[in-house]
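All values derive from a computational prediction rather than experimental measurement. All values below come from the heavy atoms of this structure, side chains included, with hydrogens, waters and symmetry mates left out.
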Amino acid sequence: MSTLTRRIIPATAVAGVMALMTTGCLAGESGGSDAPAEGSDWSTSELTLDWATYNPLSLVVRDQGLLEETFGDDVQVEWIQSEGSNKANEFLRSGSADLASTAGSAALLARANGSPIQVVDIYSQPEWSAIVVGPDSDIAGLEDLEGATIAATTGTDPYFFLLQALAEAGLTIDDVTVQNVQHADGRTLLDNGDVDAWAGLDPIMAAAEVESGDELVYRNVDFNSYGFLNATEEFIADHPDVVQAVVDAYEEARSWALDNPEETAALLADAAGIDPEVASTVIEERSNLDVSGVPGDAQLAVLEVIAPVLVDSGDVQGGETAVNEALDTIVNDTFATQATE
């Protein structure tokens, strides 16, 4: 058995839990304010999850009311917006959301720093980040970034994209000045001339190209990690029936989005407030939704490349040991395996 295979928590590992779930034995065991109503078939009466413009499937699930239809009146569904992976991780850490969407690199960082989250579904394999400069910039390549001021959202894929890009040019984070702002604010700083470059994120980045004439001075699809749908281990253990319902909805949304790219782009355009043509570019050219929702070897292979970057960045208190432990435990393929069967 390979190292990667050992790291994946197999579907059979929680088969007993799922069996109990289907017979209703878990309903109500979590107690508290989210306890299900008497007679409910679900283990909770409340579910909070995020939607994000960088996660097109979340827009489909929300717009079509897939979860509301599944749960009926038994479970109240609340949607909150994640403006970036860092915000999604904050929601999970604070308990403000039960499931939330991040980039794979951001999920690994969070788990390595003690947040007990696991990826339960893969929503995309996007090229959603690049190094962006203004139309009149003198920066023509990565080597020109030395001494530059760069806007980036720490703890997100664009930030880790930046770290990898700098390493590609023989530079480190100490060779630049990072302005830590949210993604939309990074574009504003770039357009106002307050920074020299921006580690951008779609769809904001695609809109900046069209509306401001900004240029993607460096692209590398291999430096982008997958889109992860995450939940805490506690929520997974207490409410596997609800997690399964969410993952099932995501897989239904994926099929619909692949069959209806124009309608999916329209949802993105409306949610992000961008031109429909820009949204079409994001959906059809930079958002690879046609991937397996089951997390596993492919995602771990990418994270293993990013792991040394995380260690060298100093962003993980436990260093290499904590990152390796996070790699060993971050994947839970149970729910996506069942959904895709």
Side-chain angles (χ1 to χ4, degrees), residues 46-68 71 75-107 109-110 115 117 119-124 126 128-129 151-159 180-188 198-208 225-232 235 242-243 245-247 249-250 253-254 256-257 263-276 278-279 282-283 286-287 289:
E46 299 174 354
L47 170 67
T48 302
L49 68 167
D50 77 339
W51 65 273
T53 57
Y54 55 83
N55 177 0
L57 296 188
S58 70
L59 305 181
V60 176
V61 174
R62 184 179 67 139
D63 180 74
Q64 297 189 359
L66 299 181
L67 291 172
E68 289 81 355
F71 295 132
V75 180
Q76 179 180 349
V77 179
E78 180 181 359
W79 292 92
I80 56 177
Q81 182 182 6
S82 290
E83 296 178 347
S85 294
N86 60 324
K87 294 299 183 183
N89 276 325
E90 287 177 14
F91 291 151
L92 290 170
R93 187 165 46 247
S94 66
S96 299
D98 302 312
L99 293 97
S101 45
T102 71
S105 58
L109 173 65
S115 182
I117 63 170
V119 52
V120 295
D121 194 62
I122 301 300
Y123 58 82
S124 68
W128 53 18
S129 186
T153 309
T154 58
T156 69
D157 228 33
Y159 177 71
N180 179 23
V181 295
Q182 283 301 132
H183 301 296
D185 296 328
R187 177 194 170 179
T188 300
W198 166 47
L201 178 72
D202 273 337
I204 304 168
M205 183 171 69
S225 63
Y226 287 75
F228 279 23
L229 179 66
N230 309 304
T232 64
F235 190 82
V242 175
V243 177
V246 173
V247 174
Y250 260 74
R254 188 193 313 277
W256 185 89
E263 291 86 346
T264 304
L267 289 177
L268 176 59
D270 182 63
I274 59 177
D275 185 273
V278 173
V282 173
I283 293 298
R286 298 183 187 170
S287 296
L289 304 177

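Looking at every heavy atom in both residues, Ala52 comes nearest to Ser58 through N-OG, 3.1 Å. Counting all heavy atoms, side chain and backbone alike, Pro203 lies closest to Leu268 at CG-CD1, 3.9 Å. Of all heavy-atom pairs between Ala88 and Asp50, the closest is CB-OD2, 4.0 Å.
Rounded to the nearest 0.5 angstrom, Tyr250 OH and Leu67 CG are separated by 9.0 Å. In this structure, Leu267 CG and Asp63 CG are separated by 4.5 Å, a value rounded to the nearest 0.5 Å.
In this structure the side chain of Thr48 never reaches within 4.5 angstrom of the side chain of Phe91, judged on heavy atoms. Side-chain atoms of Ile204 and Trp198, non-hydrogen and from C-beta on, do get closer than 4.5 Å to each other.
Ring geometry, Tyr54 versus Trp128: the interplanar angle exceeds 60°, so the pair is classed perpendicular (tilted spans 30 to 60°).
Between the side chains of Thr156 and Asn86, not a single donor N or O lies within less than 3.5 Å of an accepting N or O. Using a 3.5 Å distance cut-off with no hydrogens or angles, the side chains of Thr102 and Asn230 do pair a donor with an acceptor.
By the 6.0 Å contact criterion, CD on Gln81 is enclosed, its count of non-hydrogen atoms from other residues, nucleotides or ligands being greater than 12.
Between the side chain of Ser115 and the main chain of Ala110, no donor-acceptor pair closer than 3.5 Å is present.
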